[in-house]
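To keep things clear, I will list the structure first and then write my remarks on it.
Counting convention: from 1, in listed order, for ligands and their atoms alike. Values below: every heavy atom of this structure, side chains too, minus hydrogens, waters and symmetry copies.
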Amino acid sequence: MSLSVAQALQAAHTAGLDRVDAFALLGALLRCERGWLIAHDDALLDADQTARWADWCGRRAAGEPVAYLVGEREFHGLRLAVSPAVLIPRPDTEVLVDWALERLAAAALPAPQVLDLGTGSGAIALAVKHRHPAAQLTAVDASPTALAQARANGEQLGLAVDWRLGDWWQGLAGHRFDLVLSNPPYIAQDDPHLQALTHEPLSALASGSDGLDDIRRLLAGASAHLAPGAWLLLEHGWDQAPAVRALLDSHGFSQVQSRLDLAGHARCSGGRWPGTP
Ligand code: GLN
């Protein structure tokens, strides 16, 4: 049996999907825009598409994220392939990218060395390279499958990044950077919020009893890898800004400050390493 577009949307509704998700999934399945679906609700899915639709509706109803089902997500104007090996890039992280781009514009170095620690899908590194092509990007992840995904995204987008497998600063001995960015795992391991995120890699989400273990490890290694006058910018939880600013202060950063996300939470904090570039 083949479904029409209208019947497919009705089946999604019956399965409990919300309308926005249903349109996103059906648009991806049929490779068309929402407007086309609305104007052609009598168009028929073929047998393969009908079977796929039943599968997707069931998986979405069971909580699988839309981005994993369709295999991609847009971030900072780039289309990134995503698999369950990587965190799905969030709009909040665009705040970190925009802050990085401001720093690069202000510093006006001819070929700034920029590092993305815990790159996942490659989102931050690729967005920075896309918008500031003079930057020389290095991106690190401890997961080989995540790194393969990031590398494939770089190749697909034609953006050059030096992809490296490693745990935070491991493997970067002797390298100093003008700008270091990270969206590390930052959720407390007993935070009930994690129960809604079971499809994404726990290693990209949770970080010890207060969520700050990885940020502490990252800051502990920073001094050996920052060029004079470098900036370090971190994403963190909505309520962690005071704690992260205190850690930046205690590690010797100056001009320590935070930036708000789209919901008005202080979502990123950063500071400047001493010295004159
Ligand atoms: N912002 C994500 C969330 O709360 C978590 C991302 C992270 O831990 N780096 O859903």
Side-chain angles (χ1 to χ4, degrees), residues 18 20-21 24 60 62-69 72-76 78 80 82-100 115-128 139-143 145-147 149-150 153 166-169 180-222 232-245 247-248 258-270:
D18 82 37
V20 172
D21 289 355
R60 179 65 199 125
E64 219 167 304
V66 171
Y68 289 154
L69 293 173
E72 63 180 35
R73 174 72 164 228
E74 195 182 307
F75 178 78
H76 216 277
L78 298 177
L80 299 173
V82 294
S83 72
V86 299
L87 187 80
I88 298 166
R90 311 287 205 265
D92 288 340
T93 306
E94 295 183 352
V95 171
L96 188 75
V97 170
D98 289 339
W99 191 1
L115 174 66
D116 174 15
L117 285 174
T119 194
S121 64
I124 294 171
L126 292 167
V128 169
V140 171
D141 206 283
S143 153
T145 32
L147 202 70
Q149 177 83 85
N153 277 324
D167 195 13
W168 301 123
W169 305 102
V180 175
L181 308 168
S182 184
N183 173 19
Y186 55 66
I187 302 177
Q189 66 202 10
D190 60 355
D191 188 325
H193 179 59
L194 280 176
Q195 284 157 22
L197 300 171
T198 49
H199 293 273
E200 292 180 272
L202 189 62
S203 61
L205 292 165
S207 187
S209 58
D210 63 355
L212 294 171
D213 278 7
D214 284 285
I215 289 179
R216 278 188 284 265
R217 288 184 57 203
L218 204 154
L219 286 174
L232 173 72
L233 310 179
L234 299 171
E235 182 177 325
H236 49 67
W238 65 277
D239 57 352
Q240 291 171 334
V244 174
R245 286 199 303 261
L247 285 168
L248 286 161
S258 297
R259 289 284 169 106
L260 304 184
D261 66 15
L262 307 170
H265 298 124
R267 175 65 63 176
C268 303
S269 296

Would you say the side chain of Leu248 lies within less than 4.5 Å of the side chain of Leu219, judging by non-hydrogen atoms? yes
Proximal atoms of ligand 1 relative to Ala204 (non-hydrogen, under 4.0 Å): 7 (C), 8 (O), 9 (N)
Using a strict 4.0 Å threshold on nitrogen-to-oxygen distance, state whether Glu200 and Arg73 make a salt bridge. no
Ligand-side contact atoms (ligand 1) for residue partner Pro184, heavy atom cut-off under 4.0 Å: 7 (C), 8 (O), 9 (N)
Under a heavy-atom criterion of less than 4.0 Å, does Asp92 contact ligand 1? no
In the protein, which heavy atom is nearest to atom 1 (N) of ligand 1, and how far is it? Tyr186 OH, 2.7 Å
Taking Ser207 for the side chain and Asp214 for the main chain, is one N or O donor matched with an acceptor at less than 3.5 Å? yes
Looking at Asp261, is its backbone amide N or carbonyl O close enough to the side chain of Asp92 to form a donor-acceptor pair, meaning the two atoms are under 3.5 Å apart? no
List every atom of ligand 1 that sits less than 4.0 Å from any heavy atom of Leu197, numbering the atoms from 1 in the order shown and giving each element. 10 (O)
When you look at Asp167 and Arg217, which way does the salt bridge (Lys or Arg N to Asp or Glu O under 4.0 Å) test go after all the steps? CA-CA 10 Å; Asp167 195 13; Arg217 288 184 57 203; 3.0 Å; yes
Closest approach of Asp141 and Gly118, non-hydrogen atoms and distance? OD2-C, 3.4 Å
Among all the protein's non-hydrogen atoms, which is closest to atom 10 (O) of ligand 1, and how far away is it? Arg90 NH2, 2.9 Å
May I ask whether His193 has any heavy atom positioned less than 4.0 angstrom from an atom of ligand 1? yes
